[in-house]
Amino acid sequence: MAGLDDLYQQLILDHYRRPRHCGVLDHPTIAVDQHNPLCGDELHVTLRIDDDRVTEVAHTGDGCSISQASASMMSDAIVGHTTDEVLAMIEHFRRVMHREVAADEDQLGDAIALEGVAKYPVRIKCALLSWMALKDGLLTHMVNQQEGR
Amino acid sequence: MAGLDDLYQQLILDHYRRPRHCGVLDHPTIAVDQHNPLCGDELHVTLRIDDDRVTEVAHTGDGCSISQASASMMSDAIVGHTTDEVLAMIEHFRRVMHREVAADEDQLGDAIALEGVAKYPVRIKCALLSWMALKDGLLTHMVNQQEGR
Amino acid sequence: MALTADIDPRVLRLDFPILARVGDRPPLVYLDSAATSQKPTAVLDAMDRYYVETNANVHRGVYQLAEEATARFEAARDSVARLVDAPREGTIFTKNATEAINLVAWAWGVRNLAPGDVIMVTEMEHHSGIVPWQIVAEITGARVVFAPITSDGELELDWITHTLRTEPVRMVSVVHVSNALGTINPVAEIARRAHEYDALVLVDGSQSVPHMPVRFSELGADFLAFTGHKMLGPTGIGVLVGRPEILDGMSPFLGGGEMISDVRTDGSDWAELPWKFEAGTPPIAEAVGLGVAADYLRDIGLGAVRAHERALVSYAFGALAEIDGLRIYGPQDPDRRGAPISFSLPDLHPHDIAQLVDRERVCIRAGHHCAKPLMRTLGVSATARASGYIYNDASDIDALVHALHAARSFMGS
Amino acid sequence: MALTADIDPRVLRLDFPILARVGDRPPLVYLDSAATSQKPTAVLDAMDRYYVETNANVHRGVYQLAEEATARFEAARDSVARLVDAPREGTIFTKNATEAINLVAWAWGVRNLAPGDVIMVTEMEHHSGIVPWQIVAEITGARVVFAPITSDGELELDWITHTLRTEPVRMVSVVHVSNALGTINPVAEIARRAHEYDALVLVDGSQSVPHMPVRFSELGADFLAFTGHKMLGPTGIGVLVGRPEILDGMSPFLGGGEMISDVRTDGSDWAELPWKFEAGTPPIAEAVGLGVAADYLRDIGLGAVRAHERALVSYAFGALAEIDGLRIYGPQDPDRRGAPISFSLPDLHPHDIAQLVDRERVCIRAGHHCAKPLMRTLGVSATARASGYIYNDASDIDALVHALHAARSFMGS
Ligand SMILES: Cc1ncc(COP(=O)(O)O)c(C=O)c1O
Ligand SMILES: Cc1ncc(COP(=O)(O)O)c(C=O)c1O
């Protein structure tokens, strides 16, 4: 079935087998947990932010190939970007998953390979898991920053 | 439709148009109300019992042809019988309505004409209304008698 | 003969196999759509196709079949939401209108009503709009009050406003179109007044949504309940539409699969709307059928349905006036009423009327129409009721009139 | 190849159009019947016939069509009651098993539980057997305790007895066959013990009634819940069986049409059993379909179904043992388990397993199976689950094994 090979592209399998940015950061700026209500998978994401820019990221947890690969691709994509840029990337990815826009490689990097997941509604949650964790973490961080001032 | 003419037999229509034992007794031994949850019809039955024998009966209320005719036929049938005989007649009529036995004219008198109602489940409640009122009344009466002793 | 330009029942009837003339039996004259409507082939086929092509449980399976089942189920929700112009996250599938009203009564009422609080219903409410509130009132110590009706079978708006002003009314539960009187109630106006006094408003749209344009967005109500089987859809499904901001603040009703995001031994978290209120395997095939029914109604146009039924009611009023002593309950102005026509004859009990017109295969209802408080107000125990829909035309009314004459002569003979 | 003398799936399969080989697509290997079963033509036809021949609302119409609809609906109740040897007045139609359990939780629980009272469920309960009790506990101040399981996925009866003896347990809600582990629980024994301490017992028969002889009269339980769509019936219908003397003493749950005998502005009286608990228009066509499904199962014989599934599970255990590292959860003895087989592979996530075997049209489930507390106990977030039924045979298991090998080589490539 061509469809499924589309879901399980080489690039995705590669990130699944050799995930980038695995682990947990010491003293992160942001630490956040997210779980997938569908399968119970849990993901832990830690992030270092310096000068409003993501300088380091790490993820760990249990998950299927799609959620693992997505976390790896996301981590690759966001390092070096400002928090506003990252929020825009997250929103772009969300809209790609819901087939509202076509994927933009400049924004997503390797994660563009996940575009095919949009055809498998149940798996969209898997692909989105790390991105939603990140969004949660960033928004909480920004609120805290504001209140800190 | 032959079926319906079976439901609306001449004998039934006759009791409907000229119901016997209409009205309310003064100082009855038993007075009881019953209503048909299906259509909201209400029936009031009064009874005089002397020496454990039904000597007089009267019924009044709103109702369709079947429930009116049934009350009239029942009243005809029970006068002169002992309470035990009447209870047996009621049970026989109930079983006829639920098609458990064939109708016995000796027990039911004109009410044997109601046998065809058994084919119309919704109308069975109409036919049973007065009989169930009577049963209620008799049982309450008998319990009171026992307790009175 | 079509009564309006947009709907020709003779043509629509072809979509309804039960109404087709089979062999030499006279055709069915079905005038009981307020009880339940007939179903077009498109609805039945969609359900069969669902079972034969993609039957699988929804929302959890990753295999193709399950994805397809989920897609059809959720697309049906879109169709239903579109029909009443409601947000899809506020469009909840229940088993019928009755469960929809109970959902609000139990989920909101049990947790929010306090002794002395008042729930306002109306004297023309269907039992499904009364009993849930009585049960919840008994549990919570709240009180149910009944808004009275005029001799014409309309609500007394002044009484409603007065009571809103003087009593701690927390909820107003009101029927949009009365199934027993036909009255169309000014629910938007009632909602406006209730909201001034911070009462919530539930509209029972069981008899309006199938028959006229109803836009939740314009109703101003907080909840709208309706039922699938009266709107060309299958049995086993109903709908509660609620304002998402209110549903969000409510605790769930039925607990179980589908409605959770996490279950732990020490407590659970709820799913997002609308699933938070859909516990267990939903009526999947039924939703698919209802979605097709909603699309079918939208294709015809609810404005056209309303115009057709108004014309049908007008025609019926004229035709029934022929019959000596026949009395019609409720508003006499066709503009102020929907399709159901409740009537009585002085010499024939409603049961006998309904049974005898069935001799000519005319199906009408007799009884209290699940509105016993209303019957008491009207001073009757029962009425006969004829209620038309898109597949009925003047010939059905003529058949009813003919059958009524025949019934009378049969009983008089 | 038939696994037992009495059931030949190749023949039965002819009754299930979705399983037929169409064109050159490979046939569907449907191993997800624990989620929902497929439907035989007889069930679909009965529902279509209902709609096309006699569709009308039940219980109130006096015309022929309505009488016929009522007769078919109530005959379906007899068929279902006969299947589980239950009294018909204690056989209540709900929308699914989840509503059946909620009915008891809300109607009995909200009115009878006091702060400190204990509701006992099990660690292997489906969410539908947990969440209703958590909600009602929150409302009433009662407490939910979870009976633990052994490493083999069986209940610890000693813990249950001990807790019954030492805690004010008012209700024991226990699954008959676990949908996630396959475990068959000794519910009659548990009911006996619970009754010694005056606790009520609700058995969730969602996974037992479709698969083995279950006689309510012999279970000793007070309530039995099950669901239509898992037993060859349609969606949109479930069943609560209750002991009539207990149901009689309970106040109703959902209020509305059908369940009343009188409604007054100052209160209402309830209908007789079973209608007292069936508010609103019931799932009529669905009941008709479920009645036919029950008759179909009785024709095959539930003893034969059980024998067939036991043989299928045995065969599967042997075949799956071939696969490196595959782990099966729950009892390892086929005599102690029903049809569902939950498993995992060390190198593939359940989601990927289910998605990849679908390449070969093998339908299995992956996830928490609505049993998150159990998953936590097992220390996993999800499992893959294959569950067979009367239309599955060894060839389906072979197809699964083949597809699992293929999945592994695909992901390892
Ligand atoms: C053991 C068990 N109980 C309850 C249910 C709930 O059934 P339903 O979703 O039909 O209400 C299921 C199925 O999902 C089940 O497997
Ligand atoms: C006005 C009104 N409300 C509620 C209902 C209840 O609908 P259901 O029986 O489908 O729950 C009906 C129909 O019976 C009705 O006419």
Side-chain angles (χ1 to χ4, degrees), chain C residues 17-18 32 35-36 38-39 44 48 51-52 55-57 60-65 95-99 102 106 110 127-128 130-132 134-135 139 146 229 234-237 254-257 260 262-263 265 267-268 279-281 283-286 351 354-355 358 363 365-367 370 372-373, chain D residues 17-18 35-36 38-39 44 48 51-52 55-57 60-65 95-99 102 106 110 127-128 130-132 134-135 139 146 229 234-237 254-257 260 262-265 267-268 279-281 283-286 351 354-355 358 363 365-367 370 372-373:
Chain C
I18 201 171
D32 195 20
T36 199
Q38 297 303 339
K39 325 300 172 197
L44 302 182
D48 281 341
Y51 282 123
V52 167
N55 175 64
N57 212 326
R60 308 200 157 270
V62 297
Y63 52 85
Q64 192 85 43
L65 207 65
K95 71 173 173 180
N96 52 27
T98 301
E99 188 200 345
N102 277 273
W106 287 86
V110 168
H127 292 163
S128 294
I130 298 173
V131 183
Q134 289 180 329
I135 292 176
I139 291 175
F146 287 73
H229 66 94
T235 53
I237 189 161
L254 304 181
I260 56 93
D262 195 14
V263 175
T265 53
S268 298
T281 303
I284 309 172
E286 291 76 9
H351 267 181
Q355 191 104 53
D358 189 33
C363 302
R365 190 135 295 228
C370 294
K372 289 192 109 182
Chain D
I18 200 172
T36 199
Q38 297 304 339
K39 325 298 174 198
L44 302 182
D48 280 341
Y51 282 124
V52 166
N55 176 63
N57 212 326
R60 307 199 159 274
V62 297
Y63 51 85
Q64 191 85 45
L65 206 65
K95 70 174 174 179
N96 51 27
T98 301
E99 189 200 346
N102 276 273
W106 286 86
V110 167
H127 292 163
S128 295
I130 298 173
V131 183
Q134 288 181 328
I135 292 176
I139 292 175
F146 288 72
H229 66 92
T235 54
I237 189 161
L254 304 181
I260 56 93
D262 194 15
V263 175
R264 298 173 310 278
T265 54
S268 297
T281 304
I284 309 171
E286 291 74 12
H351 266 180
Q355 191 104 54
D358 189 35
C363 302
R365 190 135 295 229
C370 295
K372 289 193 109 183

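Below, read A as the first sequence line, B as the second, and so on, with proteins coming before strands; counting in each chain starts at 1.
- A366(D) meets the side chain to side chain contact (heavy atoms under 4.5 Å, CB included) test with P350(D), H351(D), A354(D); sequence neighbours excluded.
- Residue with the most contacts toward chain D among T36(C), N102(C), I130(C): N102(C) (heavy-atom pairs, distance under 4.5 Å).
- Under the 4.5 Å side-chain criterion, counting only non-hydrogen atoms from C-beta, V131(C) is in contact with V263(D).
- The greatest number of non-hydrogen atom pairs below 4.5 Å with chain C, out of S268(D), S128(D), P234(D), is found for S128(D).
- Under the 4.5 Å side-chain criterion, counting only non-hydrogen atoms from C-beta, D32(C) is not in contact with N57(D).
- Contacts with chain C were tallied for N55(D), T98(D), D48(D), V52(D); N55(D) has the most, counting heavy-atom pairs under 4.5 Å.
- Per-residue counts of heavy-atom pairs under 4.5 Å with chain C were compared for C363(D), A97(D), A35(D); the largest is that of C363(D).
- Atom NZ in K95(D) sits 11.5 Å away from atom OG1 in T235(D) (nearest 0.5 Å).
- Note that the CD1 atom of I237(C) and the NE2 atom of H229(C) stand 11.5 Å from one another [nearest 0.5 Å].
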Could you walk me through whether Q38(C) and Y51(D) pass the side chain to side chain contact (heavy atoms under 4.5 Å, CB included) test, one step at a time? CA-CA 8 Å; Q38(C) 297 303 339; Y51(D) 282 124; over 6 Å; no

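- Within the 4.5 angstrom heavy-atom criterion, only side-chain atoms of Q134(C), from C-beta onward, approach chain D.
- When heavy atoms are compared at a cutoff of 4.5 Å, I260(C) approaches chain D solely by way of its side chain, counted from C-beta outward.
- When heavy atoms are compared at a cutoff of 4.5 Å, I284(D) approaches chain C by way of both its backbone and its side chain.
- Contact tally against chain D (heavy-atom pairs below 4.5 Å) for C370(C), A56(C), P132(C): the top residue is P132(C).
- Only the side chain of N96(C) comes within less than 4.5 Å of a heavy atom in chain D; its backbone stays farther off.
- A heavy-atom distance below 4.5 Å is found between the side chains of P373(C) and H127(C).
- Of the atoms belonging to L254(C), heavy atoms from both backbone and side chain fall under 4.5 Å from chain D.
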